[in-house]
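This structure is a prediction, so every number in the text was calculated from the model and none was measured. Residue numbers run from 1 in the order of the sequence given.
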Amino acid sequence: MNHLKEKAHNSQLPFVIALDGPSASGKGLIGKMLAAKFNMQYVQSSIVYRGLACLCIENNVDVNDAQEIIKLSEKSDLIDVIKGIDLNQELIGNYASKISVMPIVRDNLNKHLNRMMKTERRIIMEGRDIGTVVAPYADLKIFITADVEARAMRRYKQLQEQGKECILSDVLELLKERDLRDSSREAAPLRASDDAFVIDTSDLSPDQVVSKIENYIG
């Protein structure tokens with residue numbers, strides 16, 4: 001049994017998966033499916049970015065007020081403060097994308113993520129820079145992607161199912177803006193690490209994606 005396969009299938013062994021990719025590429029569902037299959041804890045790194053964005057919005061902090069945003073990002077109880085809040089809102093997601101370009105904010109929030117990873121022996125951390133920055137030591141790095149039109153339709157349907165009003169063209173434009181910010185920012189831009197297993201999910205079902213990953217693990 002190879003090293004990766006042994007770690008994946010033996011729940012007594014520590015196992016870290018870095019799951020990266022652009023917004024609405026299907027990372028969340030894939031991460032949850034893998035966590036259930038391999039007895040792992042699934043964590044979205046976006047929880048700290050969206051959580052900080054939520055705090056900023058609630059405190060009427062302008063998205064360009066770097067000093068106040070940095071101050072809030074240093075809160076040691078950030079994760080506790082945002083528990084129970086619906087963070088899956090486009091306003092929060094768009095704000096989070098804008099503040100995520102700030103290097104000091106990313107450094108501060110990465111400290112929260114690193115504390116999470118140290119407390120869990122078997123963890124799937126999902127985000128934009130997990131394999132390249134947060135957990136470059138991960139046992140397995142997966143980069144999930146899809147064309148922006150497919151991702152916009154997925155996000156649109158998801159929001160509709162949640163009873164949230166939205167317009168497909170607006171969702172598409174927000175994703176394009178977010179992609180540009182994520183991939184062009186100076187601090188930890190969105191990209192697949194050289195040793196990542198890259199999967200385009202545009203024409204794949206979640207089960208097919210998970211099957212590809214299982215075959216890769218062996």
Side-chain angles (χ1 to χ4, degrees), residues 16-32 34-35 40-138 141-144 155 158 174-175 177-179 181-183 185-191 193:
V16 176
I17 295 179
L19 182 60
D20 290 308
S23 182
S25 56
K27 303 187 303 297
L29 179 56
I30 299 305
K32 291 172 185 174
L34 290 174
M40 303 178 75
Q41 179 73 24
Y42 165 70
V43 176
Q44 291 175 302
S45 67
S46 63
I47 186 174
V48 291
Y49 289 94
R50 285 177 175 264
L52 175 59
C54 183
L55 284 180
C56 290
I57 293 170
E58 287 183 347
N59 287 277
N60 297 312
V61 177
D62 187 272
V63 73
N64 296 309
D65 188 349
Q67 184 174 356
E68 189 60 28
I69 293 170
I70 291 171
K71 180 180 177 181
L72 287 174
S73 73
E74 294 170 343
K75 287 178 66 68
S76 60
D77 61 344
L78 174 63
I79 295 175
D80 292 328
V81 169
I82 59 177
K83 281 182 178 177
I85 298 176
D86 178 15
L87 299 176
N88 190 27
Q89 301 178 43
E90 288 303 284
L91 175 64
I92 291 177
N94 202 38
Y95 194 111
S97 179
K98 290 176 180 177
I99 63 177
S100 70
V101 302
M102 302 168 64
I104 297 178
V105 168
R106 298 193 70 85
D107 286 344
N108 288 339
L109 296 183
N110 279 346
K111 291 175 184 176
H112 292 289
L113 299 178
N114 283 320
R115 279 197 292 270
M116 283 189 207
M117 300 191 80
K118 287 178 180 177
T119 59
E120 294 288 341
R121 297 181 73 251
R122 296 179 65 82
I123 186 169
I124 297 177
M125 180 70 78
E126 176 245 292
R128 303 284 201 283
D129 62 349
I130 310 304
T132 54
V133 176
V134 179
Y137 54 81
K141 301 176 186 180
I142 304 169
F143 191 89
I144 301 290
R155 175 58 56 80
Q158 181 186 49
L174 281 174
L175 280 181
E177 291 174 11
R178 199 171 300 174
D179 284 352
R181 282 196 298 269
D182 287 344
S183 60
R185 67 184 176 227
E186 183 177 345
L190 171 68
R191 67 176 180 83
S193 62

Quiz item: Would a 4.5 Å heavy-atom cut-off, applied to side chains only, mark Val105 and Ile70 as touching?
Solution: yes
Quiz item: Checking Asp20 side chain against Asp129 main chain: does a donor-acceptor pair fall under 3.5 Å?
Solution: yes
Practice problem: Report yes if the side chains of Lys75 and Asp77 come closer than 4.5 Å at any heavy-atom pair, otherwise no. | Solution: yes
Quiz item: What is the minimum heavy-atom distance between Pro189 and Ser183, and which atoms define it?
Solution: CB-O, 3.5 Å
Self-check item: Student check: side-chain heavy atoms of Leu113 and Leu109 closer than 4.5 Å
Solution: no
Practice problem: Measure the CG-CD1 distance between Leu52 and Ile57 for me, rounded to the nearest 0.5 Å. | Solution: 9.5 Å
Quiz item: Just how far is it from atom OG of Ser23 to atom CG of Asp182, taken to the nearest 0.5 Å?
Solution: 7.5 Å
Quiz item: What do the steps show when you test Met117 against Val134 for side-chain contact (heavy atoms from CB on, under 4.5 Å), and what is the final call?
Solution: CA-CA 9 Å; Met117 300 191 80; Val134 179; 3.9 Å; yes
Quiz item: Picking from Met40, Lys141, Glu126, Arg122, what satisfies side-chain contact (heavy atoms from CB on, under 4.5 Å) with Ile17?
Solution: Met40
Quiz item: What are the two closest non-hydrogen atoms of Arg50 and Gln89, and how far apart are they?
Solution: NH1-O, 3.4 Å
Quiz prompt | Minimum-distance pair of heavy atoms, taken over all atoms of Ala135 and Ala18 | solution = O-CB, 4.5 Å
Self-check item: Lys27 and Gln44, any side-chain heavy atoms less than 4.5 Å apart
Solution: no
Quiz item: Side-chain contact, heavy-atom cut-off 4.5 Å: Ile130 with Leu19?
Solution: no
Self-check item: Ser100 side-chain N/O to Ser97 backbone N/O, donor-acceptor pair under 3.5 Å
Solution: yes
Quiz item: For the residue pair Ala35 and Tyr42, what are the closest heavy atoms and their distance?
Solution: CB-CB, 3.8 Å
Quiz prompt | Nearest-0.5 Å distance that lies between atom CE in Met125 and atom CD in Gln41 | solution = 9.5 Å
Quiz item: Stepwise, does the side-chain contact (heavy atoms from CB on, under 4.5 Å) test hold for Val101 with Glu186?
Solution: CA-CA 7 Å; Val101 302; Glu186 183 177 345; over 6 Å; no
Quiz item: With a 4.5 Å heavy-atom cut-off, do Met116 and Ile47 have their side chains touching?
Solution: yes
Quiz item: To the nearest 0.5 Å, what is the distance between CG (Leu174) and CG (Leu91)?
Solution: 10.0 Å
Quiz item: Where do Asp62 and Asn64 come nearest, in terms of heavy atoms and distance?
Solution: OD1-N, 2.7 Å
Quiz item: Under 4.5 Å between any side-chain heavy atoms of Ile30 and Ile142, yes or no?
Solution: no
Practice problem: Would you tell me whether Arg191 and Thr132 have side-chain atoms, one donor and one acceptor, within less than 3.5 Å of each other? | Solution: no
Practice problem: Would you confirm whether Asn59, through its side chain, and Leu55, through its main-chain N or O, come within 3.5 Å as a donor-acceptor pair? | Solution: yes
Quiz item: Should the heavy atoms of other residues, nucleotides or ligands under 6.0 Å from CD1 of Ile85 be counted, would the total exceed 12?
Solution: yes
Quiz item: Listed by chain and number, what are the side-chain hydrogen bond (donor to acceptor under 3.5 Å, both in side chains) partners of Asn88, not counting sequence neighbours?
Solution: Gln162
Practice problem: Return yes if some donor-acceptor pair links the side-chain N/O of Arg178 with the main-chain N/O of Arg181 below 3.5 Å, else return no. | Solution: no
Practice problem: First locate atom CZ of Arg128, then atom CG of Asp179, and finally report the distance between them rounded to the nearest 0.5 Å. | Solution: 8.0 Å
Quiz item: What are the two closest heavy atoms between Ile99 and Tyr49, and how far apart are they?
Solution: CD1-O, 4.3 Å
Self-check item: Between CD1 on residue Ile124 and NZ on residue Lys32, distance to nearest 0.5 Å
Solution: 12.0 Å
